[in-house]
Amino acid sequence: MLDRDIAATILPGTMTARERGRKVDGVGENFLFSCNVKTRSQDSILSGDGAVHDISADEWLEGVEEDADASKLEVDFQGIRAVSYATQAFLYVPCTPTGKKSGAARQDYGLIVESRTIGDTAVTGDELRQAVTDFAYELLRYNYRIQGCQEVRTLPSELPRFA
């Protein structure tokens with residue numbers, strides 16, 4: 001499912017991995033998938049989650065940019081939007097989940113994925129930024145499949161590199 005090498009690049013030392021999904025009522029807005037990777041001491045954590053929301057790409061971007069800092073980088077590739085900060089990544093792709101009609105949303109249905117690191121990391125700078133974004137993209141690809149997004153889209157194997 002997820003590439004464990006990404007987590008191994010980011011986190012120092014030995015780690016354990018745990019993933020969980022909480023299904024409240026079907027897929028869509030009531031489904032949250034999360035993945036957490038921790039060192040044994042739990043001093044370092046790589047985590048991410050994804051869910052479908054009733055929000056347009058522009059509204060999502062406004063929310064992500066509210067706390068923007070100088071480290072922000074952005075990419076828009078084949079309809080997938082990614083915003084990256086030093087230790088966080090935010091991704092958006094249009095996604096009307098199974099059982100929903102695209103016109104039923106107030107705005108648009110979008111799959112949103114966020115990932116972050118907490119504590120010490122084995123890498124820093126551009127290498128950390130890229131790895132956290134790659135982890136978020138792995139979560140996005142997995143979520144896109146389990147949500148049964150109705151948009152006909154072949155997701156690329158990876159997003160363009162930031163550096």
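A salt bridge is absent between Glu127 and Arg129: the closest approach of a Lys/Arg side-chain nitrogen to an acidic carboxylate oxygen does not fall below 4.0 angstrom. Look at Asp126 and Arg161 and you find no salt bridge, because none of the NZ, NE, NH1 or NH2 atoms lies under 4.0 Å from a carboxylate O.
Proximity of Arg81 to Leu61: side-chain heavy atoms (C-beta onward) are separated by under 4.5 Å at one or more points. Looking at Gln88 and Glu114, their side chains never come closer than 4.5 Å, going by heavy atoms from C-beta outward. In this structure, the side chains of Val83 and Glu65 stay at 4.5 Å or more apart for every pair of heavy atoms. At a threshold of 4.5 Å between non-hydrogen side-chain atoms, the residues Leu111 and Tyr92 do not count as touching.
When all heavy atoms are compared, the tightest approach of Cys35 to Leu139 is CB-CD2, 3.8 Å. Taking every heavy atom of both residues into account, Ser115 and Val132 meet most closely at OG-O, 3.0 Å.
No continuous path of hydrophobic side-chain contacts links Ile55 to Val113 [ILVMFWY only; heavy atoms under 4.5 Å].
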What verdict does the side-chain hydrogen bond (donor to acceptor under 3.5 Å, both in side chains) test give for Arg116 and Ser47, after you've listed the backbone C-alpha separation in whole Å, the side-chain angles of each residue and the deciding distance to 0.1 Å?
CA-CA 6 Å; Arg116 76 228 25 105; Ser47 68; 2.9 Å; yes
For a side-chain contact (heavy atoms from CB on, under 4.5 Å) check, start with the C-alpha distance between Leu155 and Tyr144, then their side-chain angles and the critical distance, and finish with the verdict.
CA-CA 9 Å; Leu155 297 175; Tyr144 196 84; 3.7 Å; yes
Let me see the working for Gln130 and Asp134 under side-chain hydrogen bond (donor to acceptor under 3.5 Å, both in side chains), right down to the final yes or no.
CA-CA 6 Å; Gln130 190 64 60; Asp134 289 345; 3.1 Å; yes
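Formation of a donor-acceptor pair under 3.5 Å by the Ser56 side chain with backbone atoms of Glu59 is found in this model. The backbone N or O of Tyr109 sits nowhere less than 3.5 Å from a side-chain atom of Thr96 that would complete a donor-acceptor pair. Side-chain N or O atoms of Asp54 include one that pairs as donor or acceptor with a backbone N or O of Arg106 at under 3.5 Å.
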